[in-house]
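What you are looking at is a predicted structure, and each value in this text was computed from that prediction instead of being measured.
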Amino acid sequence: MSIIRVEHKRRYAVISSEVFKPNQLSWQAMGMLSFLLEKPDNWKVVVSYLVDVTKGTEKETGREGVYNIIKELRKKGFITYQKNKDGSTTYTVYDEPIKPNQAEPNQAEPNQAEPN
C-alpha cells in the first residue's frame with residue numbers, strides 16, 4: 001500500500017502523533033479527536049453538531065455513540081469537561097493526554113516543570 005500526499009498550500013492540520021499511539025484509542029475516538037483538533041482554539045464542542053456531522057455517511061453516529069466516544073476520550077485524558085450553572089457543559093480538548101487532576105497546560109509558558 002502507498003500513501004500519496006498532495007502539496008499543502010492551505011487548510012491542513014498538524015496533529016500530535018500521541019493521538020495515534022497504538023492500542024490507546026479506538027478508530028472512532030481517533031477520528032473524532034482528529035476532527036476536534038482541526039478546529040480553531042475557540043471552537044466550542046457541541047454534541048448535537050457532532051451527531052449531525054455523520055448524517056448521510058456510511059456509518060452514522062447517533063447521540064449515544066458520540067457520548068460514548070467522548071467518554072473514551074475523557075477516560076484517556078484527551079477531553080475534560082465542566083458543568084456550568086446554566087446546565088450546559090464546556091469541553092476542553094487536548095492534543096496529548098493529561099493525567100487526572102493535572103492542571104491545564106499553560107500555553108503562554110510551556111515546559112514549566114523542572115528537568116529530571
Side-chain angles (χ1 to χ4, degrees):
M1 174 156 94
S2 298
I3 298 174
I4 300 171
R5 293 180 172 83
V6 298
E7 184 179 342
H8 301 292
K9 295 181 182 180
R10 60 186 176 127
R11 296 250 358 151
Y12 66 93
V14 176
I15 299 175
S16 170
S17 294
E18 189 69 25
V19 171
F20 308 110
K21 190 173 167 184
N23 306 315
Q24 175 176 235
L25 296 172
S26 66
W27 285 112
Q28 293 87 355
M30 283 189 277
M32 182 185 287
L33 185 55
S34 299
F35 177 83
L36 294 172
L37 290 172
E38 183 271 336
K39 301 297 178 208
D41 291 345
N42 62 347
W43 195 81
K44 302 231 183 292
V45 176
V46 178
V47 171
S48 60
Y49 177 76
L50 296 176
V51 171
D52 289 344
V53 166
T54 65
K55 284 188 179 172
T57 66
E58 194 70 28
K59 188 175 179 184
E60 291 185 17
T61 304
R63 187 172 188 254
E64 184 177 337
V66 167
Y67 276 116
N68 285 335
I69 297 168
I70 289 173
K71 182 178 177 181
E72 178 183 350
L73 292 170
R74 283 183 46 223
K75 183 178 177 183
K76 296 295 185 171
F78 286 98
I79 289 182
T80 60
Y81 77 100
Q82 176 183 343
K83 287 281 190 183
N84 302 316
K85 291 180 182 180
D86 64 2
S88 65
T89 303
T90 301
Y91 294 97
T92 303
V93 181
Y94 301 92
D95 62 351
E96 293 197 0
I98 62 166
K99 297 175 183 156
N101 301 323
Q102 177 181 341
E104 291 187 19
N106 181 348
Q107 295 188 9
E109 296 180 39
N111 301 325
Q112 297 177 34
E114 293 294 321
N116 293 337

Nearest-0.5 Å distance, CD1 of residue Ile69 to CG of residue Leu33: 11.0 Å
Interatomic spacing from CG in Leu36 to CD1 in Ile70 - rounded to 0.5 Å: 7.5 Å
Distance (rounded to the nearest 0.5 Å) between Lys76 NZ and Lys21 NZ: 9.5 Å
From Glu38 atom CD to Tyr12 atom OH, the distance as rounded to the nearest 0.5 Å: 12.5 Å
Rounded distance [0.5 Å steps], OG in Ser34 versus CG in Asp95: 11.0 Å
Cluster link Phe35 to Val14, ILVMFWY, side chain under 4.5 Å: no
Under 3.5 Å side-chain donor-acceptor pair for Ser26 and Glu72: yes
Donor-acceptor pair, side chain of Thr61 and main chain of Thr54, under 3.5 angstrom: no
Backbone of Asp86 reached by a side-chain donor or acceptor of Asn84 within 3.5 Å: no
Side chains of Val93 and Leu73 in contact at under 4.5 Å (non-hydrogen atoms): no
Hphob cluster co-occupancy, Ile98 + Ile15, side-chain heavy atoms under 4.5 angstrom: no
Mutual orientation of the aromatic rings belonging to Tyr81 and Tyr91 [parallel < 30°, tilted 30-60°, perpendicular > 60°]: tilted
Lys55 side chain near Asp52 side chain, heavy-atom distance below 4.5 Å: yes
Non-hydrogen side-chain atoms of Met32 and Val66 separated by less than 4.5 Å: yes
Glu18 backbone acceptor or donor facing Gln24 side chain under 3.5 Å: yes
Spatial distance of atom OH (Tyr94) from atom OG (Ser16) [nearest 0.5 Å]: 15.0 Å
Nearest heavy atoms of Arg63 and Val47, plus distance in Å: CG-CG1, 4.4 Å
Geometric cation-pi criterion, Lys71 with Tyr67: 6.0 Å, 45°: no
